[in-house]
Novice: 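One structure coming up, written as structure tokens, with questions to follow.
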Number of protein chains: 2
Amino acid sequence: MPDDPWQPPRILLAVDLVILTLRAARLHVLLVNRGIDPFRGAPALPGGFLADEHEDIEAAARRELAEEAGLSGVHLEPLGVYGEPGRDPRGRVVSVAHLAIAPRLPEPVAGTDAVHASWTPVDDILAPGAELAFDHRRIIVDGVERARAKLEHTALATAFCAESFTISELQQVYEAVWGVRLDPRNFYRKVQGARGFIVAVGPMRKPSNGRPARLFKAGPVHVLTPPMTRP
Amino acid sequence: MPDDPWQPPRILLAVDLVILTLRAARLHVLLVNRGIDPFRGAPALPGGFLADEHEDIEAAARRELAEEAGLSGVHLEPLGVYGEPGRDPRGRVVSVAHLAIAPRLPEPVAGTDAVHASWTPVDDILAPGAELAFDHRRIIVDGVERARAKLEHTALATAFCAESFTISELQQVYEAVWGVRLDPRNFYRKVQGARGFIVAVGPMRKPSNGRPARLFKAGPVHVLTPPMTRP
DNA sequence: AGAGGTTCCTGTCGAACTGACAAAAAGTTA
DNA sequence: TAACTTTTTGTCAGTTCGACAGGAACCTCT
């Protein structure tokens, strides 16, 4: 059996984006409505194929981030690979999922290309009965879990905030992502105790009511010592 | 400019394996000597292309694990994606790296196919001056760091041990992977305090000398509470 | 101006945890 | 039997953590 010189298979490579942000003290993820046929009309994660054979994977993720969400300069990190053979009816598609964190209050969509993007509370889209294209439900679950875990040991929470923020705003990030209530006094002590996590900038006044809060910005350290422990 | 209907590029998908184990109280990684031309003769991680278009990625990793290392039934988890455009001179190759943990004392190689596999101390191969094919140095660094981090919060350390083991054997795992010395008495207390981490089986005698140690096996819990803290 | 309300910030206190070290227990070797 | 090695059980002081009290600073309403 003189089989021809074996050639490895060629597959399609895509990137998908789990973009998280905070809106109204709830964790939201950016979803688009699919316009083309596999899962047409269903909500899906922003993403797409590599533009050409020489495009870097992270560059493709940043390109989709700008094209489909109008975002740039946000936190972006690889999340995982999703390549189960039957996940895409069009053929063998392997997707490299990325996790992006957007600061609060980015304009509702501001999409340049796909205007069909919208922020959706993760609780709603992960509730039983909600439908998502492909295996994007699993990808969102993994992305949220990654964010929850990294909030404990890294300064990722500052990526949810604007350049300067108050400690209670930072606390809202932890409460929304973890889905718990935290004691403001203990939170204050712990955040201040983690060296290099946040540094003071100046005082401000809160628009509503109450004592004005000090303003902070993200510090130089990305690994928290001691870590923030989840209840 | 009626450009033809755009077609996404097709790329080659590979799997690479970082297989870690303990030998003589040192952390080792399995390396093969490349027999074909890109980086011929240089040490490299075991791995290869997808067998066909329908092979699952994790299945490909397990296949390479058996073919190139003669291992089966060991811990295996995805590590990350390495797809930088210039990393393989043959073309656009995207590799899905996996991390595998082998119990101590698997027979030196026992390779069925590639007999050129050998265990190498990670300290040696990561020392400046050592040469590795492709970007495999970076992959090994990431794999070791993943193992170090997971030892803190999960029961991954038991994957380095045989089915039953003593507490001091478990301590050797932590010391080798973290590269530190630990107090046996505090380690004993901490391991016992993590509920569900290890469960007792029966007493044994140590071959050399000293008081016989109790035998344990891996418990049902994979998330350690409280975690093992790295000094 | 003062009362009341809200939020921010500083403390306090007991329980739990950690790292450093002592010492007994149970074997092997000389 | 003495010496040695390794495992196992404690002890103890310093630190951290969760729960809670209370003062400080601002707003709004009367």
Side-chain angles (χ1 to χ4, degrees), chain A residues 24-25 151-153 157 161-162 164-176 178-217 223-231, chain B residues 24-25 151-153 157 161-162 164-176 178-217 223-231:
Chain A
L151 246 54
E152 291 191 83
H153 310 285
C161 300
S164 63
F165 50 86
T166 68
I167 290 188
S168 71
E169 285 172 347
L170 195 63
Q171 180 180 343
Q172 285 183 19
V173 173
Y174 278 88
E175 291 184 333
W178 284 350
V180 298
R181 301 286 298 175
L182 300 174
D183 186 294
R185 302 161 290 193
N186 293 334
F187 184 82
Y188 195 94
R189 171 166 35 101
K190 263 193 152 178
V191 168
Q192 293 281 48
R195 288 157 308 198
F197 186 9
I198 55 175
V199 296
V201 221
M204 99 185 261
R205 67 179 46 185
K206 288 287 295 177
S208 51
N209 45 8
R211 172 175 175 173
R214 282 199 283 173
L215 275 183
F216 296 86
K217 63 182 177 69
V223 179
L224 300 185
T225 52
M228 308 285 295
T229 47
R230 180 161 33 164
Chain B
L151 245 54
E152 291 191 81
H153 310 284
C161 300
S164 63
F165 50 87
T166 68
I167 291 189
S168 71
E169 285 171 348
L170 195 64
Q171 179 180 344
Q172 285 182 17
V173 174
Y174 278 87
E175 292 184 332
W178 283 351
V180 297
R181 301 286 298 175
L182 301 174
D183 186 295
R185 302 161 288 192
N186 292 335
F187 183 83
Y188 194 95
R189 171 164 40 98
K190 263 194 151 176
V191 168
Q192 294 281 48
R195 287 157 309 200
F197 187 8
I198 54 175
V199 295
V201 230
M204 100 182 262
R205 67 177 45 185
K206 286 288 296 176
S208 49
N209 45 6
R211 174 174 174 172
R214 282 198 286 173
L215 274 183
F216 296 85
K217 63 181 176 68
V223 180
L224 300 185
T225 53
M228 309 286 294
T229 48
R230 175 159 41 157

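Residue numbers begin at 1 in each chain, while the letters A, B, ... track the order of the sequences.
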Novice: What is the distance from CZ of A/R189 to C1' of C/dG11, rounded to the nearest Å?
Specialist: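 So the CZ-C1' distance, A/R189 to C/dG11, works out to 10 Å.
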Novice: With rounding to the nearest 0.5 angstrom, report the OG1 to NE2 distance, B/T229 to B/H153.
Specialist: 9.5 Å
Novice: Let me know the distance between CG of A/L182 and P of D/dA19, rounded to the nearest Å.
Specialist: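 That distance rounds to 10 Å.
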Novice: Expressed in angstrom and rounded to an integer, what is the separation of A/I198 atom CD1 from C/dC9 atom P?
Specialist: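 That distance rounds to 10 Å.
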Novice: What is the distance, rounded to the nearest whole Å, between atom CD of B/E175 and atom C1' of D/dT6?
Specialist: 14 Å
Novice: Can you list everything that forms a side-chain contact (heavy atoms from CB on, under 4.5 Å) with B/E152? Sequence neighbours excluded, please.
Specialist: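 Per chain and number, B/E152 pairs via side-chain contact (heavy atoms from CB on, under 4.5 Å) with B/W178, B/R230.
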Novice: Check the angle between the aromatic planes of A/F197 and A/Y174 and answer parallel, tilted or perpendicular using the 30° and 60° thresholds.
Specialist: perpendicular
Novice: Starting at atom CZ of B/F187, determine the distance to atom P of D/dT6, rounded to an integer number of angstrom.
Specialist: 17 Å
Novice: Check whether any side-chain N or O of B/Y188 sits under 4.0 Å from OP1 or OP2 of D/dT9, and answer yes or no.
Specialist: yes
Novice: Without decimals, in angstroms, what is the distance between A/N186 CG and C/dA15 C1'?
Specialist: 14 Å
Novice: Using a 4.0 Å heavy-atom cut-off across all strands, classify A/T166 as base, sugar-phosphate, or nothing.
Specialist: nothing
Novice: The side chain of B/R214 is closest to which nucleotide in this list: D/dT8, D/dC20, C/dC8?
Specialist: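 The closest nucleotide is D/dT8.
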Novice: Is A/K217 atom NZ crowded by more than 12 heavy atoms from other residues, nucleotides or ligands, each under 6.0 Å away?
Specialist: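 No, the 6.0 Å shell around NZ holds no more than 12 heavy atoms from other groups.
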Novice: In terms of the nearest nucleotide of DNA chain C, which residue is placed more toward the 5' end: A/Q192 or B/R211?
Specialist: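 Closer to the 5' end of DNA chain C: A/Q192.
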Novice: What's the separation between atom CD in A/Q171 and atom CG in A/D183, rounded to the nearest 0.5 Å?
Specialist: 8.0 Å
Novice: Rounded to whole Å, please give me the gap between CG in B/N209 and P in C/dT28.
Specialist: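 B/N209 atom CG is separated from C/dT28 atom P by 10 Å.
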Novice: Whole-Å distance between C/dT28 C1' and B/M204 CE?
Specialist: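 Rounded to the whole Å, the gap is 15 Å.
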Novice: Between A/T229 and B/I167, who's closer to the 5' end of DNA chain D by nearest nucleotide?
Specialist: B/I167
Novice: Can a side chain N or O of A/K190 be found less than 4.0 Å away from OP1 or OP2 on D/dT16?
Specialist: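 For D/dT16, OP1/OP2 do not have a side-chain N/O of A/K190 under 4.0 Å.
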Novice: Between B/R230 and B/R185, just flag the one whose closest nucleotide in DNA chain C comes earlier from the 5' side.
Specialist: B/R230
